[in-house]
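Heads up, the thing below is written out as structure tokens.
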2 protein chains.
Amino acid sequence: MAYTVGQVARVAGVTVRTLHHYDEIGLLSPSGRTSAGYRRYDDADLQRLQLVLYYRELGFPLEEIAAIVADPAADPAAHLRRQHELLTVRIKRLQEMVTAIEFAMEASKLNIQLTPEERFEVFGDFTPEEHEAEAEQRWGDTDAYRESNRRASRYGKEDWLRIKAETEDWGRRIVAALASGAPADGPEAMDLAEEHRQSISRWFYECSYETHTGLADMYLADERFTAYYENLAPGLAAYLNEAIHANAISRA
Amino acid sequence: MAYTVGQVARVAGVTVRTLHHYDEIGLLSPSGRTSAGYRRYDDADLQRLQLVLYYRELGFPLEEIAAIVADPAADPAAHLRRQHELLTVRIKRLQEMVTAIEFAMEASKLNIQLTPEERFEVFGDFTPEEHEAEAEQRWGDTDAYRESNRRASRYGKEDWLRIKAETEDWGRRIVAALASGAPADGPEAMDLAEEHRQSISRWFYECSYETHTGLADMYLADERFTAYYENLAPGLAAYLNEAIHANAISRA
DNA sequence: GCTCCCGCCTGCCGCTACGTCAGGGTCAAG
DNA sequence: CTTGACCCTGACGTAGCGGCAGGCGGGAGC
């Protein structure tokens, strides 16, 4: 029912200093003190802290958070609704960044140049402005980061040449499939589509069937990718797109 | 081919001051200067800036970013791979937060109390540590925020009572359906499931079929939700779960 | 009752990543 | 040749804590 700063800090995943700071600026003052001057937080304080931390994670300055949580017109449910919406928006934004990365990856694989505008589309564009400093963070210590470092440094020039070679070899084979008249939704084309997907997963990033079809649509939507494939063989872009979709459906 | 600070700032969505700062600390110095001392950025500088901004958005401190982008062992593709992974991790985290919010919303709707640990699970838990300050941000100016504010303030005590009443009415009807022996995958139960979903969408947040089935599983996984429904009628928790799943499948 | 050690307290200084002037040159258009 | 938009270099200010110093409190064990 009543907690010390240390206990609150531990359960909430913040430092004691942070709680002191929130007390100093009046954002979250404990509901009471012991005779010795120790801060005592109760359950209501914890609820308020939870609110604060969510809004903080969403990038609001503390001053604004103070105003938000003090708003008498906002009951708990209203906060939850708002946070749900804000989170959804942020996720959408990050997914756009992921798409942009995948786009850039395909472009680099096929030696396609990007314009400056394209490079920064995801930054300049901001329907709602964002930059979301997303705080410093000990990313340097996370497993994902280390793993990513390890993987990255494992790929040398040699691997890169191999990727290019594989890509070209695969290109020749899908051109042959198209020329042979094999249907885009037949086993041959679908196997080539699957090989394409697995190649991405092996060398670049985990490419789900969903991601893969997204990529396939990009091949048709972006003229430079279309040009790349059409240059290999007329009709190849559409052929590959269809094969990827057929493959995704059949494996689902 | 060559750009001034202002041009770079505009296309990249940052301020001129930020570019000055990056120059000062040596994170991103323009490749040249004009005779008058104007900074001149070229395409390579833009590429580097793009890298920097992505890592910044991912929450790295600038000093660390300097080390990362200077790493000679990391080609462009390596950065893309790394950023893709980091983004994926972050999205996962935010989705956990969304789930936590949905959980809290259901709990508040049914008057279920949460323990402090549960409240902060998503914060304390950090498989990889995060807090991701996600930068201040002009959220206060975004449409989503205003919209969310508007919506929030529209819901008064009156609406809240109505939600409770609707929930109770719906509860009586699904209890009746269960009692009447109507199958969980029959039209009656499925319609009640659909009504449940639409009620959430109307009052709380956009609830997709996928989100809805997630919620349904939570009803079985968390004993307090199970208890709530079992209290209305024995077997109701499982019945509702099945109905929601059946409904989701049939509408897909 | 005494001692430890851990946890709490209040300053206070430091740091990052810029924002925000101030004071002054520059350049293309009219 | 002036005007306005854009550039420069300091320099100080701010937010959100981190971290340390110096000192009190409290309960577990002797």
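Letters A, B, ... are given to chains in the order of the sequence lines, protein chains preceding strands, and every chain is numbered from 1.
Contact between the side-chain N/O atoms of A:His20 and the OP1/OP2 oxygens of D:dC17 is not found at any separation under 4.0 Å. Phosphate proximity of C:dT26 to B:Thr34: absent, as no side-chain N or O sits under 4.0 Å from OP1 or OP2. Dashed line: the shortest gap from a side-chain N or O of A:Arg39 to OP1 or OP2 of C:dG7 is not under 4.0 Å. Residue A:Arg40 places none of its side-chain N or O atoms closer than 4.0 Å to OP1 or OP2 of C:dC8.
Side-chain atoms of B:Thr15 lie closest to C:dG19 of the nucleotides D:dC8, C:dC9, C:dG19. Picking from D:dG25, C:dT26, D:dG18 the nucleotide with the shortest atom distance to the side chain of A:Arg17 gives D:dG18. Of the candidate nucleotides D:dC17, D:dC8, D:dG18, D:dC17 has the atom lying nearest to any side-chain atom of A:His21. In the set D:dT9, D:dG25, C:dT26, the nucleotide with an atom closest to the side chain of A:Tyr38 is D:dG25.
Taken from CD in B:Glu57 to CD in B:Gln83, the straight-line distance is 10.5 Å, to the nearest 0.5 Å. Atom CD in A:Gln95 sits 4.5 Å away from atom CD1 in B:Ile91 (nearest 0.5 Å). Atom CE of B:Met218 and atom CZ of B:Phe225 lie 4.0 Å apart (nearest 0.5 Å).
Distance CG (A:Asp23) to P (C:dC9): 9 Å, rounded to an integer number of Å. The CG atom of A:Leu28 sits 12 Å away from the P atom of D:dC17 (whole-angstrom rounding). For B:Glu24 and C:dT16, the CD to P distance is 13 Å, given to the nearest whole Å. Distance, B:Arg56 CZ to C:dT16 C1': 13 Å, rounded to whole Å. Between the CD1 atom of B:Ile25 and the P atom of C:dA17 there is a distance of 6 Å, rounded to whole Å. Rounded to whole Å, the distance from CG on A:Leu27 to C1' on D:dA15 is 13 Å. Following rounding to the nearest Å, B:Phe60 (CZ) and C:dA17 (C1') show an atom-to-atom distance of 17 Å. Atom pair A:Glu64:CD and D:dA15:P shows a separation of 13 Å (rounding to whole Å applied).
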- Task: Start with the C-alpha gap between B:Arg33 and B:Asp23, add the side-chain angles, then the distance that decides, and say whether salt bridge (Lys or Arg N to Asp or Glu O under 4.0 Å) holds.
- Result: CA-CA 12 Å; B:Arg33 297 275 187 141; B:Asp23 189 4; 3.3 Å; yes
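Both B:Ser35 and B:Leu62 lie close to DNA chain C; mapped to their nearest nucleotides by heavy-atom distance, the more 5′-ward contact belongs to B:Leu62. Each of A:Ala36 and A:Val16 was assigned the nucleotide of DNA chain D with the nearest heavy atom; the assignment lying further toward the 5' end belongs to A:Val16.
A salt bridge links B:Arg202 and B:Glu166; the closest N-O separation between the charged side-chain nitrogens and carboxylate oxygens is under 4.0 Å.
Judged purely by atom type and a 3.5 angstrom limit, A:Ser29 has no side-chain atom pairing as donor or acceptor with the backbone of A:Gly26.
Counting any heavy atom pair closer than 4.0 Å across all strands shown, B:Thr4 reaches sugar-phosphate atoms only and no base atom. Backbone-only contact: A:Arg33 has heavy atoms under 4.0 Å from sugar-phosphate atoms and none from a base.
Applying the 3.5 Å distance criterion, the base of D:dG16 shares no donor-acceptor pair with the side chain of A:Tyr22.
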